[in-house]
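Please read the structure below before turning to the comments.
Because the structure is predicted, anything quoted here is derived from the model rather than measured.
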Amino acid sequence: QVQLVESGGGLVQAGGSLRLSCVASGRTFSSYVMGWFRQAPGKEREFVAAIRWSGGSTSYEDSVKGRFTISRDNAKNTVYLQMNSLKPEDTAVYYCAARALPILTAAAERYDYWGQGTQVTVSS
């Protein structure tokens, strides 16, 4: 059974940084794509970034390009989202997701497993 456990959320001032972590267990993830999504109050869940576990190809939503970086540590089965230059509009619950196909996608419905989410709040 696949489990995804996020951590690293919190309260930060605008312009600050946070690093989210997602520990994955229950499978061998070499053929997976791992993604980060976020959902703000009253809004739909939106794509943030994704990475192919094998090879490390990445994809980003336009508003986070140049500010956020997705990476993975194969030895720790962990995916990270480094978030710099945070803005109040980045405030949301951030979710880690896993897709059992090695094809990058921003479509939430194409991901098979989800974590419980971690809250990120950016104050102005």
Side-chain angles (χ1 to χ4, degrees):
Q1 182 178 354
V2 173
Q3 284 193 318
L4 305 174
V5 180
E6 304 101 329
S7 62
L11 173 64
V12 65
Q13 288 188 332
S17 298
L18 282 174
R19 188 177 78 159
L20 306 183
S21 300
C22 171
V23 179
S25 62
R27 293 284 168 84
T28 300
F29 292 93
S30 58
S31 63
Y32 277 56
V33 162
M34 304 298 293
W36 285 99
F37 290 78
R38 64 187 180 186
Q39 187 166 18
K43 294 188 177 181
E44 293 187 355
R45 191 170 297 190
E46 66 172 1
F47 171 74
V48 176
I51 186 168
R52 287 186 61 186
W53 204 283
S54 177
S57 301
T58 59
S59 176
Y60 294 92
E61 194 270 330
D62 286 345
S63 69
V64 307
K65 284 180 181 177
R67 300 190 298 125
F68 291 11
T69 303
I70 189 171
S71 62
R72 85 273 190 244
D73 184 327
N74 291 347
K76 296 181 178 180
N77 258 19
T78 301
V79 177
Y80 302 100
L81 185 68
Q82 177 67 44
M83 305 186 295
N84 299 328
S85 302
L86 282 161
K87 305 175 181 180
E89 51 264 42
D90 294 318
T91 295
V93 177
Y94 283 70
Y95 296 91
C96 177
R99 184 186 190 204
L101 282 175
I103 302 172
L104 293 170
T105 180
E109 65 271 18
R110 296 188 183 275
Y111 286 78
D112 303 290
Y113 306 98
W114 292 84
Q116 81 288 351
T118 185
Q119 177 71 47
V120 171
T121 303
V122 184
S123 63
S124 58

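Following chains of ILVMFWY side-chain contacts shorter than 4.5 Å, one cannot reach Tyr95 starting from Leu18, and the two form parts of different hydrophobic clusters. Under a hydrophobic clustering in which Ile, Leu, Val, Met, Phe, Trp and Tyr are joined whenever their side-chain heavy atoms come within less than 4.5 Å, directly or via other members, Val12 and Val48 fall into the same cluster. Cluster membership for Ile70 and Phe47, using ILVMFWY side-chain heavy atoms within less than 4.5 angstrom, is not shared.
The side-chain heavy atoms of Met34 and Cys96, taken from C-beta on, include a pair separated by under 4.5 Å. Side chains of Trp36 and Val79 form a contact here, defined as non-hydrogen atoms less than 4.5 Å apart. Side chains of Tyr111 and Phe37 form a contact here, defined as non-hydrogen atoms less than 4.5 Å apart. A 4.5 Å side-chain heavy-atom check between Val2 and Trp114 finds every atom pair outside the cut-off. Between Phe29 and Arg72 there is no side-chain heavy-atom pair separated by less than 4.5 Å. In this structure the side chain of Ser7 never reaches within 4.5 angstrom of the side chain of Thr118, judged on heavy atoms.
The closest donor-acceptor contact from the side chain of Gln39 to the backbone of Lys43 lies under 3.5 Å. Proximity of a side-chain donor or acceptor of Asp112 to a complementary backbone N or O of Arg99 within less than 3.5 Å is not detected. Using a distance-only test at 3.5 Å, with no hydrogens or angles considered, no donor-acceptor pair links the side chain of Thr91 to the main chain of Thr121. Judged by distance alone, with hydrogens and angles left aside, the side-chain atoms of Tyr32 form no donor-acceptor pair with the main-chain N or O of Arg27 at under 3.5 Å.
For the atom pair Ser31 OG and Ile103 CD1, the distance stands at 11.0 Å (nearest 0.5 Å). A distance of 4.5 Å separates OG of Ser25 from CD of Gln3, quoted to the nearest 0.5 Å. The distance from atom CD1 of Ile51 to atom OG of Ser71, rounded to the nearest 0.5 Å, is 6.0 Å.
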Let me see the working for Phe68 and Ser85 under side-chain contact (heavy atoms from CB on, under 4.5 Å), right down to the final yes or no.
CA-CA 8 Å; Phe68 291 11; Ser85 302; over 6 Å; no
Working for side-chain contact (heavy atoms from CB on, under 4.5 Å), residues Gln116 and Val93
CA-CA 9 Å; Gln116 81 288 351; Val93 177; over 6 Å; no
Begin with the C-alpha distance, continue with both residues' side-chain angles, and end with the deciding distance and a verdict on side-chain contact (heavy atoms from CB on, under 4.5 Å) for Val33 and Thr105.
CA-CA 8 Å; Val33 162; Thr105 180; 5.7 Å; no
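Between Gln82 and Ser17 the shortest heavy-atom distance is NE2-CB, 3.9 Å. For Ala92 against Gln119, the heavy-atom pair with the smallest separation is O-NE2, 3.4 Å. Heavy-atom minimum distance, Pro102 versus Arg52: O-NE, 3.1 Å. For the residue pair Trp53 and Asn74, the shortest heavy atom distance occurs at NE1-OD1, 2.8 Å. Nearest heavy-atom pair across Leu20 and Met83 is CG-CE, 3.8 Å. Minimum heavy-atom separation, Ala49 to Leu81: CB-CD1, 4.2 Å.
Stacking of Arg19 on the aromatic ring of Tyr80 is recorded, both the 6.0 Å distance cut-off and the 45° axial limit being met.
For CD of Gln1, the number of neighbouring non-hydrogen atoms (other residues, nucleotides, ligands) closer than 6.0 Å is 12 at most. The neighbour count for Arg110 CZ, taken as heavy atoms of other residues, nucleotides or ligands under 6.0 Å away, does not exceed 12.
Ion pairing between a basic and an acidic side chain is recognised when a charged N comes within 4.0 Å of a carboxylate O; Asp90 and Lys87 show no such pairing.
The closest side-chain donor-acceptor pair between Thr78 and Asp73, if any, does not fall under 3.5 angstrom.
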